[in-house]
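Side-chain atoms are counted along with the backbone in the values below, which use heavy atoms only and exclude waters and symmetry mates.
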Number of protein chains: 2
Amino acid sequence: MEKTGMNNQESLLKLENFLCFAIYSTANAVTRAYQPRLAALGLTYPQYLVMVVLWEEENQTVKAIGDKLSLDSGTLTPLLKRLEAAGLITRRRDTVDERQVLIGLTADGRAMRAQAEAVPIAMGKAFGCTMDEAKSLRSELIAMRDNLVESIDEVK
Amino acid sequence: MEKTGMNNQESLLKLENFLCFAIYSTANAVTRAYQPRLAALGLTYPQYLVMVVLWEEENQTVKAIGDKLSLDSGTLTPLLKRLEAAGLITRRRDTVDERQVLIGLTADGRAMRAQAEAVPIAMGKAFGCTMDEAKSLRSELIAMRDNLVESIDEVK
DNA sequence: CGCAATTAAATTGTGTGCAACTTAATATGC
DNA sequence: GCATATTAAGTTGCACACAATTTAATTGCG
């Protein structure tokens, strides 16, 4: 006689076996952990990432920022408007290619960088792992992310 | 003469060195990758997680579901109302402790489990890693998540 | 017992993410 | 050269996340 097939021990449908859930819940925890450390700067975590991208290189297009962060204009446009309203960035149309909007830093935005240096240091302790562990985990995650992104194109 | 201190090569403020960003962007990719595979079920990724929790055990409180998924009532209440509107779950006050709301499955919600079995199989391929890699990555992430959660309490 | 503290959900408000679509500008092929 | 395709931002609508607050019920403690 066959078993029902339901509630069998080896089921793939168990939350504790889900790699996806480990990623999902860790990402939520990352955002929550950054929040009190970013409060002094008045930034949200995604806003902080945009600022990091701009501290590396000023005057990038929305598209370029989106490629680096894997975010589209639907997410970035309102976020950038908030950073502009906060007086941290500038937005101006590219005169050569008027489809593009160039994002620059204000003096305040540039000055914030010094304060922001403390954030990764504080967060490094919070993660509670060695530099080497962080490095290998990062590269494993990125490889997996690229696999996932590739698989999306295949399904569609 | 001292250098400006800006743009130095060893800066901790570089996106490509961020473990947090690897987690963040992988989590976003996870949600996007699940979406086409969950479309047949009419579920979002967080809704799917709630259904997984309920397939493991029916009649759990909102609190119990929230503990398992690290989500609060602010997220769960509207999500559960949508699952109820979709005819997949039931919501009723606990008669013993009227503060609590017990979440159960409807026949449709229970029946969906069989279809859902295909999802982890399809996603396993999308992740593109071995079972062992997935296991070790999962435990590393969960350890890190717990470290992060602990650190939040310390900061506050 | 009686009342302050705690707990569970729900509510409110803000800020993402992202699909789908629109608008405007540039690139491309014939 | 010019119609068509492509591209970049922006817009709209929906569904999370989560902080902060509210409401109602239960616990705990003197």
Q: Could you tell me whether the phosphate oxygens of dC16(D), OP1 or OP2, come under 4.0 Å of any side-chain nitrogen or oxygen in Lys81(B)?
A: no

(Q) Any base atoms under 4.0 Å from Leu79(B), or only sugar-phosphate, or nothing? Heavy atoms, all strands. (A) sugar-phosphate

Q: Whole angstrom is fine here: how far is it from CG in Leu43(B) over to P in dC16(D)?
A: 10 Å

Q) Salt bridge check: are Glu98(A) and Arg93(A) linked by an N-O gap of less than 4.0 Å? A) no

**Q.** Whichever of Leu80(B) and Ser73(A) has its nearest DNA chain C nucleotide further upstream toward 5'
**A.** Leu80(B)

Q. Could you state the CD-C1' distance from Gln60(A) to dA8(D), rounded to the nearest angstrom?
A. 15 Å

Q) If you look at every strand shown and take non-hydrogen atoms under 4.0 Å, does Ser25(B) touch a base, only sugar-phosphate, or nothing? A) nothing

Q | Side-chain donor/acceptor of Asn59(B) to backbone N/O of Leu102(B), under 3.5 Å | A | no

Q: Compare side-chain N and O positions of Arg91(B) against OP1 and OP2 of dA10(C) and report whether any pair is under 4.0 Å apart.
A: yes

Q: Report the residue (Ala27(A) or Arg93(A)) whose heavy-atom-nearest nucleotide on DNA chain D is the more 5′ of the two.
A: Arg93(A)

Q | Selection from dA9(C), dT16(C), dA9(D) that lies nearest to any side-chain heavy atom of Pro46(A) | A | dT16(C)

Q. Looking at the side chain of Glu98(B), which of dA24(C), dT26(D), dA17(D) is the nearest nucleotide?
A. dT26(D)

(Q) Considering every strand and a 4.0 Å limit on heavy-atom distances, what is the contact class for Val96(A): base, sugar-phosphate, or nothing? (A) sugar-phosphate

Q: Classify the nucleic acid contact of Thr31(B) as base, sugar-phosphate or nothing, counting any heavy atom under 4.0 Å across all strands shown.
A: nothing

(Q) Could you check whether the side chain of Thr77(B) and the base of dA9(C) have a donor-acceptor pair of N or O atoms closer than 3.5 Å, going by distance alone? (A) no

Q. In whole Å, what is the span from the CG atom of Asp72(B) to the C1' atom of dA20(D)?
A. 11 Å

Q: Take the protein atom OH of Tyr48(A) and the nucleotide atom C1' of dT16(C), then report the distance between them rounded to whole Å.
A: 18 Å

Q. Gln47(A) has an atom CD; how far is it from atom C1' of dG15(C), in whole Å?
A. 8 Å

Q: Check the distance between dA17(D)'s C1' and Leu49(B)'s CG and give it to me in whole angstrom.
A: 13 Å

Q. Counting side-chain heavy atoms from C-beta on, which of dA8(D), dG10(D), dG17(C) comes nearest to Gln100(A)?
A. dA8(D)

Q: Please determine if Glu58(A) and Arg110(A) form a salt bridge, counting it only when a charged side-chain N lies under 4.0 Å from a carboxylate O.
A: yes

Q.
Less than 4.0 angstrom between a side-chain N/O of Gln35(B) and OP1 or OP2 of dC18(C), yes or no?
A. no

**Q.** d(CG, Asp97(B); P, dT7(C)) in whole Å
**A.** 12 Å

Q. Are any non-hydrogen side-chain atoms of Leu141(B) and Ile23(A) less than 4.5 angstrom apart?
A. yes

Q) Should Arg82(B) be listed as having a side-chain N or O under 4.0 Å from OP1 or OP2 of dC16(D)? A) yes

Q) Given that Asn28(A) and Val62(A) both sit by DNA chain D, which one's nearest nucleotide is further toward the 5' end? A) Val62(A)

Q. Is there a donor N/O on one and an acceptor N/O on the other, under 3.5 Å, for the side chain of Thr44(A) and the base of dG15(C)?
A. no

Q) Can you check salt bridge (Lys or Arg N to Asp or Glu O under 4.0 Å) on Lys68(A) and Glu56(A), steps first, answer last? A) CA-CA 12 Å; Lys68(A) 284 171 188 166; Glu56(A) 286 180 13; 5.8 Å; no

**Q.** Lys63(A) NZ - dG10(D) P separation (whole Å)
**A.** 14 Å

Q) Counting only side-chain N and O atoms of Arg32(A), is one of them less than 4.0 Å from OP1 or OP2 of dC18(D)? A) yes

**Q.** Pair Tyr24(A) + Phe18(A): ring centers closer than 6.0 Å
**A.** no

**Q.** Phosphate OP1/OP2 of dG17(C) contacted by Tyr45(B) side-chain N/O (<4.0 Å)
**A.** no

